[in-house]
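For clarity, every value in this text was computed on a predicted model and none was experimentally measured. As the structure lists them, so they are numbered: ligands from 1, and atoms in each ligand from 1.
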Amino acid sequence: MPKKSQYRFCAGPWNFSEGRDPYGPETRPSESFDGRLAALKKLGFDAMMFHDDDAVPDIDSKSEAQIIKEAKALKKRLDGEGVAAEMVAPRLWFAPQTIDGAYTSNSKKDRQYAIDRSRRTIDIAKILGTDLIVLWLAREGTYIRESKDAGRCVDYLVEALDAMLAHDKKARLCIEPKPNEPMDHAYIPTIGHALAIAQLSRDPKRVGCLIESAHAILAGLDPSDEIEFAMRFGKLWSLHLNDQNGLKFDQDKPFGSANLRVAFNQVRTLERTGYGKNGEFICFDVHPFRTTRPEQLIAHLDNSRKTFLRLVEKAETYPEKQANALIAARNHQDLDQLVLEHLMGR
Ligand code: XUL
Ligand code: MN
């Protein structure tokens with residue numbers, strides 16, 4: 001038997017959400033940060049991912065000295081628990097300055113706010129011991145096409161990447177594409193767009209990507225093809241595994257919950273391409289269902305990991321020889337059934 005791959009797992013504090021949706025309020029009490037960290041420890045996860053204001057709450061109202069002080073205290077707290085910080089992401093979709101976009105806002109002042117906040121994010125990441133900065137470009141796109149100049153917005157995005165790359169020579173920028181929500185159309189909807197814009201930056205080697213399963217599905221793509229593509233460029237630096245039932249709002253379901261075969265193909269691709277061998281984590285960007293009771297607050301994370309590990313076994317025991325013979329004979333009918341039989345346990 002080949003040696004089992006070793007994976008390290010990660011989740012964010014936002015993955016213990018309270019059940020609010022656009023039509024109704026919270027359905028669970030809010031867990032404290034300490035409670036969330038303890039939950040990850042209990043699960044045996046290795047790392048936590050952060051938004052800048054998960055790490056330093058109310059960041060916009062704090063001085064640089066205060067931000068540094070709080071980031072250092074958090075680092076101590078994480079070290080004490082033996083939990084690593086995987087990445088830090090600037091939350092550029094909440095503040096009044098980002099109503100009309102962040103890096104691509106029509107207002108020069110607001111674009112500057114987004115860049116300044118991203119620089120602070122990089123400082124926090126450095127203190128937390130990670131070089132990975134995740135950019136989910138939430139409001140970089142349009143509701144009203146004619147309100148923006150799409151070409152100029154590419155220039156603005158490159159300016160922002162360049163400012164971040166110049167701020168810290170070691171930081172790596174990891175673009176997390178999503179085709180829509182909150183925007184009607186996002187400017188960086190796929191991994192192809194993320195890797196293409198990386199080439200326009202001052203240091204393309206330090207601009208890579210993060211694939212979220214649900215975001216790829218929302219773009220009408222197969223997440224395993226997106227993974228394979230990014231891995232060919234050596235640019236898949238993080239991963240948000242979850243699931244999504246078709247083209248609707250971003251569901252962040254447990255991994256494999258909507259389509260086990262699509263999940264299997266993601267795991268098989270990760271196994272085949274050696275994801276994780278350079279220290280990358282398996283992060284689950286999953287949320288509890290709105291109906292989840294408070295006492296089940298970690299079940300979606302535990303279950304996602306269970307499914308992931310079961311699918312690693314399925315990838316390891318996949319009948320390659322049989323499959324290859326069917327591929328050579330162009331017998332796709334039986335190949336299709338072979339995959340189903342394998343997943344069903346025969
Ligand atoms: C949004 C999303 C974010 C990013 C981090 O859909 O996935 O949680 O992963 O900002
Ligand atoms: Mn995500």
Side-chain angles (χ1 to χ4, degrees), residues 9-18 20-22 36 40 45 47-57 59 85-95 98 101-103 114 117-118 120-122 124-125 128 130 132-141 160 164 172-191 193-194 208-219 221 223 226-227 230 236-245 247-255 257-258 263 266 280-288 300-301 304 308:
F9 296 96
C10 170
W14 66 90
N15 297 121
F16 300 87
S17 50
E18 294 87 7
R20 190 183 54 222
D21 70 13
R36 295 171 201 226
L40 283 192
F45 276 35
M48 203 180 216
M49 45 186 179
F50 292 92
H51 292 112
D52 53 357
D53 58 357
D54 295 324
V56 179
I59 191 167
E86 192 244 359
M87 63 82 163
V88 187
R91 194 191 299 276
L92 293 174
W93 51 93
F94 226 84
T98 60
Y103 305 131
R117 187 155 166 172
S118 305
R120 259 178 276 144
T121 299
I122 294 173
I124 293 170
L128 297 187
T130 177
L132 213 56
I133 307 301
V134 168
L135 304 173
W136 171 44
L137 303 170
R139 299 202 184 275
E140 321 300 357
M164 287 182 260
R172 288 183 299 150
L173 310 179
C174 203
I175 299 176
E176 178 180 355
K178 181 176 180 181
N180 60 281
E181 200 206 34
M183 305 313 290
D184 182 4
H185 288 280
Y187 285 136
I188 307 292
T190 68
I191 291 303
H193 290 81
C209 65
L210 181 164
I211 290 170
E212 173 162 324
S213 326
H215 297 177
I217 294 165
L218 284 169
L221 300 172
E226 288 280 85
I227 292 171
L236 186 59
W237 298 338
S238 188
L239 198 58
H240 285 181
L241 294 183
N242 58 14
D243 214 350
Q244 170 74 25
N245 189 15
L247 305 183
K248 51 187 81 166
F249 58 93
D250 187 3
Q251 296 181 308
D252 295 325
K253 286 184 169 222
F255 184 54
S257 154
Q266 288 170 76
E280 304 89 351
F281 288 86
I282 299 287
C283 305
F284 294 114
D285 197 355
V286 292
H287 285 258
H300 61 306
L301 289 165
S304 291
F308 178 87

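A donor-acceptor pair shorter than 3.5 Å can be found between the side chains of Asn242 and Glu212. In this model, a donor atom of one side chain and an acceptor atom of the other lie less than 3.5 Å apart for Glu86 and Ser238. Side-chain atoms of Gln266 and Ser213 include a donor-acceptor pair closer than 3.5 Å.
Using a 4.5 Å heavy-atom cutoff, the side chains of Asp53 and Arg117 are in contact. Gln244 places a side-chain heavy atom less than 4.5 Å from the side chain of Asp250. Two residues are said to be in side-chain contact when any heavy atoms from C-beta on lie closer than 4.5 Å; Phe16 and His287 fail this criterion.
Shortest distance from the Mn ion (ligand 2) to Glu176 is reached at OE2 (N/O/S atoms only).
To the nearest 10 degrees, the angle centred on the Mn ion (ligand 2) between OE1 in Glu212 and ND1 in His240 reads 110°.
Under 2.8 Å from the Mn ion (ligand 2) lies an N/O/S atom of Asp285, whether from backbone or side chain. Among the atoms of His215, no N, O or S atom is found under 2.8 Å from the Mn ion (ligand 2).
Aromatic ring orientation, Phe284 versus Phe255: tilted (interplanar angle from 30° to 60°).
Just one residue in the list Asp52, Leu173, Ile124 forms a side-chain contact (heavy atoms from CB on, under 4.5 Å) with Ile133, and that residue is Leu173.
Ligand 1 lies under 4.0 Å from heavy atoms of Trp14, His51, Trp93, Trp136, Glu176, Lys178, Glu212, His215, His240, Asp250, Asp285.
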